[in-house]
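Here is the naming used below: chain letters follow the sequence lines, and residue numbers restart at 1 for every chain.
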Amino acid sequence: MANIRNLDLNLLLVLDTLFEEQSVSRAAKQMRLSQPTISFSLNKLRTFFDDELFVRAGGAMVPTPRAEALRDPVKRMRTLLETEIATAAVFDPGTTERVFTVSTSDIGELVFLPALLEALRTRAPHVRIVSRSMPPAELQQAMTDGKVDLAIGYFPDFAGGTYFEQKLFDHPFACLARKGHPAFVRGMSLAAFLEADHAVVSQEGRSQEIFERALAEAKLSRRVMLHSQHFMTVPLLIAGSDLVATVPRAVALAYSRMTSLEVFAPPMSIPNIELKQFWHRRTQQDPANMWFRRLTSELFLRRDPSTSGAGFLFA
DNA sequence: GAGTTACAGTCATACGTTGG
DNA sequence: CCAACGTATGACTGTAACTC
């Protein structure tokens with residue numbers, strides 16, 4: 001067998017057309033080429049396959065057994081080329097079974113996933129979402145490798161150039177204490193806040209640093225009784241003690257639904273958390289990713305899902 | 001950027017097959 | 001045998017890729 005480098009894809013298209021037409025002249029007409037061109041192509045095919053491929057028999061060019069063996073594979077290759085390779089890159093959300101991998105914090109899952117899943121249910125019913133949380137360095141590598149399509153949330157260390165970003169909305173902090181906490185009967189004053197014992201829920205590189213920086217700049221200090229990395233145990237600890245926790249409001253709302261906790265506006269100025277979506281430049285022009293980013297943008301641009309329907313909190 | 005090379009294509013025509 | 005039709009081939013051309 002000759003070197004495959006000598007096999008031009010166009011030669012295989014000629015071969016396929018010859019099977020259909022059983023005539024060099026008609027194949028030429030169908031391919032809008034001259035008869036000698038097809039004859040020349042057939043000659044190259046003959047050299048490559050070391051077989052006559054088509055021989056004259058009466059008025060027709062009939063395939064040899066060797067050619068006959070190539071008929072189906074060549075047809076399959078042409079179909080593959082036409083339907084999967086040479087087609088325009090289109091993305092049909094209605095039929096796609098694409099899996100989108102999103103990286104967000106557990107807070108992010110709480111804030112973004114419900115609205116996202118609801119939107120997908122009607123617009124892209126076969127799309128599946130994989131949510132993966134990982135440290136920032138690992139996340140950047142995963143996005144470079146194409147293992148993560150989109151990062152949504154607070155990621156201060158994404159450098160420009162390689163990544164694109166879009167700000168979605170600002171998310172505030174909120175304070176949590178048990179219902180009936182004696183120090184906060186008439187709301188949460190700064191004095192009472194500073195007087196209380198605190199619990200800090202913090203994972204590395206997360207939004208907690210915004211709150212800590214704001215306290216430091218205001219030269220305020222508080223007594224932290226508990227540091228925890230586990231979001232799930234903290235609401236129970238607060239409910240059963242006089243501890244106060246300051247967390248992203250979405251977390252506060254979720255906690256307050258789980259146990260009898262009260263949500264307060266923080267008694268000092270804290271910058272909002274800028275929640276953004278980030279993607280690698282390699283996916284900038286990918287139709288599937290473009291569609292997915294447009295969807296998240298449509299759902300969350302300047303719209304904090306934890307605020308809608310819960311306007312009673314800080315109205 | 002000019003010169004060179006490779007190659008796909010056309011045109012013209014030679015060649016082969018078939019059927020009357 | 002020969003006209004009609006189809007295939008094969010040589011000469012030539014335009015273009016793209018390569019080289020310096």
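Note on ring orientation: taking the six-membered ring where Trp is involved, the planes of A:F292 and A:F100 are parallel (angle under 30°, cut-offs 30° and 60°). Ring pair A:W279/A:F164 is parallel by interplanar angle, where below 30° counts as parallel and above 60° as perpendicular.
Taking atom CG of A:L42 as the reference point, atom P of B:dA8 lies 15 Å away to the nearest angstrom. Atoms CG (A:N43) and C1' (B:dC7) sit 15 Å apart, rounded to a whole Å. Spacing between atom CD of A:E52 and atom P of B:dG16 amounts to 14 Å, rounded to whole angstrom units. Here the P atom of nucleotide C:dT7 and the CZ atom of A:F54 are 11 Å apart, to the nearest Å. To the nearest angstrom, P of B:dA8 lies 14 Å from CG of A:L13. Taking atom CG of residue A:L45 and atom P of nucleotide C:dA8, one finds them 12 Å apart after rounding to whole Å. Rounded to whole Å, the distance from CD on A:Q35 to P on C:dC5 is 15 Å. Rounding to whole angstrom units, CE of residue A:M61 and P of C:dC5 are separated by 18 Å.
In this structure, A:F193 has its ring center under 6.0 Å from that of A:H198.
Look at A:T37 and you'll find a side-chain N or O under 4.0 angstrom from OP1 or OP2 of B:dT10. Taking side-chain N and O atoms only, A:S25 has a distance below 4.0 Å to OP1 or OP2 of C:dT7. Regarding contacts with the backbone of C:dG6, every side-chain N or O of A:R26 stays at 4.0 angstrom or more from both OP1 and OP2. For C:dT9, neither phosphate oxygen OP1 nor OP2 lies less than 4.0 angstrom from any side-chain nitrogen or oxygen of A:S39. Residue A:K44 places at least one side-chain N or O closer than 4.0 Å to OP1 or OP2 of B:dA8.
Closest to the A:F40 side chain, of the nucleotides C:dA8, B:dT10, B:dA8, is B:dA8. Ranking C:dA8, C:dT7, B:dA8 by closeness to the A:P36 side chain, first place goes to C:dA8.
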Exercise for the section: Assess whether salt bridge (Lys or Arg N to Asp or Glu O under 4.0 Å) is satisfied between A:K75 and A:D16, documenting all intermediate values. Expected result: CA-CA 6 Å; A:K75 175 62 74 187; A:D16 186 54; 3.4 Å; yes
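For NZ of A:K147, the number of neighbouring non-hydrogen atoms (other residues, nucleotides, ligands) closer than 6.0 Å is 12 at most.
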